[in-house]
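Here's the structure we're looking at; comments come further down.
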Amino acid sequence: MIDNNLASASFSIIVFNTLFVASSLSLIVTIIYHRAKKIGIITLLFFSFFPIFPIIVANVNKTALSIGATGYFVVGLYLYIMKPACVRNQVILGITMILLLLVRNDSIILIGMFIVSSVLLKFSIKSLVFILTPVFIVFVIWLKLLLPAAHVLPTESVESLAVPAQQIARVLNHNKELSVEQREQLENYVKIDMMKKVYNPSFYDPVKHTFKYYPDGFWKSGKSYNLNKKIIAKAYINKHKFLFIKLWIEVGWKNKLVYINSFLHNMYHYMFFLDGQSKTDLSLIGGLVPYENTQLFTGYHQGFKTSLLNFQKKYERFIKLPGLKLLMTTGFWGSLISILFAITIEMKYVNGIIISSTALGVLLIAFISPVDGLMRYVYPLLIFTPIIIMLLLTTNLNNVNAKKVNNIRE
């Protein structure tokens, strides 16, 4: 019975992922095709045959939800920048923002980039307030009321500390001296000797697991929601996060170069791709991990995992073909979106600046992510890129500049 129930649930999720992603990508293709048929056909072929999209929808986790929500957000953003005074477009953008935030909390960075660029380029503040007010109200209700009511635990606070924790770990790993007081303070948060030993320049998880967060170890299954909630509330890092940030600043003041090197090691492959390194993160087992106190996976988990891993091995051989290998590097997409942003700045193309600067938010999320060069952090750039290229190739810049260059702050 458990086998059948979980198999049906997994199948339902994959079907939903397929429809959700396909519908959002279809909207993008339709928009591009309406404006430039050839580019639309190329985009359709890219979305249809680039191998990462079929594998995303087969993951039983939120990667497909993130891609689909990003697609809808890009559509809403495009409609808004083309006709910012249209109330319907403002409402559509607001709805797609809500969808994006409900799927990924860190998407707040994308929305932040949109706000900054819109304000600098003198878009209507009244319109922005109209769009953003309900967005943030719904987001707060989601985080503070609905998720707790559904017994969904908040994201561990240590998840957001990749950059400072890695920098402190590098200081320890390179045998830099901490004062007695600093070591005593740090010992309250982490196992210092273990942090020093397990430090990996491009992978945060080993350091993350040295935090004294759970008394019986990190990510142990078998605990109820209420027990987990109590443990999280008592975690030292949650009760004294400000003091940890203060300690991080104090240590960094005397180890500036170490901190810089640590940050560069953690974001290097989001801009550099000539070594061809590709971390596709194609763990098809996805969200089927028993974090909670559940018997749902009994007698099923291993067989499902084995079949998916066999498929995964064949797929990984396929993506090593010439050309595909380059497109499966994070640095290629990070460099491409940076170049497109620079082109829009050089052309003083307002609409292009808005959408490409928003896309740069994806890169910022990647820079502070736990892993250097992990492909899933740049998947949204695969959605942004076609529509930015279409805008640049189809816009009559002479007419656009005549109308909008006065909106740009020189």
Side-chain angles (χ1 to χ4, degrees), residues 17-58 63-64 66-82 96 110 270 273 276 278 280 282 315 318-347 349-360 362-363 375-400:
N17 286 346
T18 302
L19 295 175
F20 186 58
V21 172
S23 60
S24 68
L25 298 186
S26 296
L27 284 174
I28 293 177
V29 171
T30 301
I31 287 173
I32 296 175
Y33 184 82
H34 180 74
R35 187 159 174 164
K37 290 186 178 180
K38 290 183 180 179
I39 301 176
I41 292 173
I42 293 172
T43 304
L44 175 61
L45 294 174
F46 172 66
F47 286 158
S48 299
F49 296 105
F50 188 55
I52 200 63
F53 293 106
I55 208 70
I56 285 173
V57 299
T63 304
S66 176
I67 291 294
T70 300
Y72 281 113
F73 172 64
V74 169
V75 170
L77 187 57
Y78 171 82
L79 294 175
Y80 175 72
I81 63 175
M82 299 310 293
T96 60
L110 274 69
Y270 290 111
F273 58 89
S278 178
T280 52
L282 298 178
Y315 180 78
F318 175 68
I319 64 173
K320 291 179 181 179
L321 295 173
L324 282 177
K325 179 71 174 179
L326 175 64
L327 295 179
M328 293 303 296
T329 59
T330 52
F332 172 81
W333 296 101
S335 299
L336 180 58
I337 205 67
S338 301
I339 292 170
L340 293 175
F341 174 69
I343 292 173
T344 61
I345 292 291
E346 176 63 25
M347 290 181 170
Y349 177 27
V350 173
N351 289 348
I353 293 172
I354 293 287
I355 198 166
S356 60
S357 61
T358 303
L360 283 180
V362 176
L363 212 51
M375 194 66 189
R376 75 163 178 252
Y377 288 108
V378 299
Y379 286 154
L381 294 182
L382 278 64
I383 312 301
F384 275 97
T385 300
I387 209 160
I388 296 173
I389 292 175
M390 179 273 290
L391 286 172
L392 290 175
L393 293 179
T394 61
T395 300
N396 186 333
L397 290 176
N398 290 328
N399 292 337
V400 170

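Throughout, numbering of the chain's residues begins at 1 and tracks the sequence.
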Taking the side chain as everything from C-beta on, heavy atoms only, tell me whether [X] gets closer than 4.5 Å to [Y].
{"X": "P380", "Y": "F73", "value": "no"}
{"X": "I355", "Y": "I387", "value": "yes"}
{"X": "Y78", "Y": "L391", "value": "yes"}
{"X": "F332", "Y": "V378", "value": "no"}
{"X": "Y379", "Y": "V362", "value": "no"}

Looking only at heavy atoms, what is the nearest atom pair of [X] and [Y], with distance?
{"X": "G334", "Y": "I337", "value": "O-CG2, 3.4 Å"}
{"X": "F20", "Y": "A69", "value": "CE2-N, 3.5 Å"}
{"X": "L327", "Y": "M375", "value": "O-CE, 3.5 Å"}
{"X": "I383", "Y": "P386", "value": "O-CD, 3.4 Å"}

Point to revise | Worked verdict on Y377 versus W333 for side-chain contact (heavy atoms from CB on, under 4.5 Å) | key: CA-CA 11 Å; Y377 288 108; W333 296 101; over 6 Å; no
Inter-residue atom distance [X].[atom1] - [Y].[atom2], 0.5 Å rounding:
{"X": "N17", "Y": "I67", "atom1": "CG", "atom2": "CD1", "answer": "11.0 Å"}
{"X": "L25", "Y": "Y72", "atom1": "CG", "atom2": "OH", "answer": "9.0 Å"}
{"X": "L393", "Y": "R35", "atom1": "CG", "atom2": "CZ", "answer": "10.5 Å"}
{"X": "S26", "Y": "I28", "atom1": "OG", "atom2": "CD1", "answer": "9.5 Å"}
{"X": "S356", "Y": "I345", "atom1": "OG", "atom2": "CD1", "answer": "6.5 Å"}

Check your understanding: If you measure only the distance, is there a donor-acceptor pair under 3.5 Å linking the side chains of T43 and Y33?
Key ->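 Absent: no donor and acceptor within the cut-off.
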Check your understanding: Is there a donor-acceptor contact under 3.5 Å linking the side chains of T63 and R376?
Key ->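 Side-chain D/A pair, T63 to R376: absent.
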Study note, to complete from the structure: Test side-chain contact (heavy atoms from CB on, under 4.5 Å), reference I388, set L340, T358, L381, output is L340
Check your understanding: Should F46 and L382 be marked as a side-chain contact (heavy atoms from CB on, under 4.5 Å) after you check the CA-CA gap, both sets of side-chain angles, and the distance that decides it?
Key -> CA-CA 10 Å; F46 172 66; L382 278 64; 4.2 Å; yes
Review point. Is it true that a side-chain atom of S24 and a backbone atom of V21 form a donor plus acceptor pair closer than 3.5 Å?
Key: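 Yes, S24 side chain to V21 backbone: donor-acceptor pair under 3.5 Å.
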Practice item. Please test S335 against F273 for side-chain contact (heavy atoms from CB on, under 4.5 Å), starting from the C-alpha separation and ending with a verdict. Key: CA-CA 9 Å; S335 299; F273 58 89; 3.7 Å; yes
Point to revise | From CA spacing to verdict: side-chain contact (heavy atoms from CB on, under 4.5 Å), Y349, L392 | key: CA-CA 9 Å; Y349 177 27; L392 290 175; 4.0 Å; yes
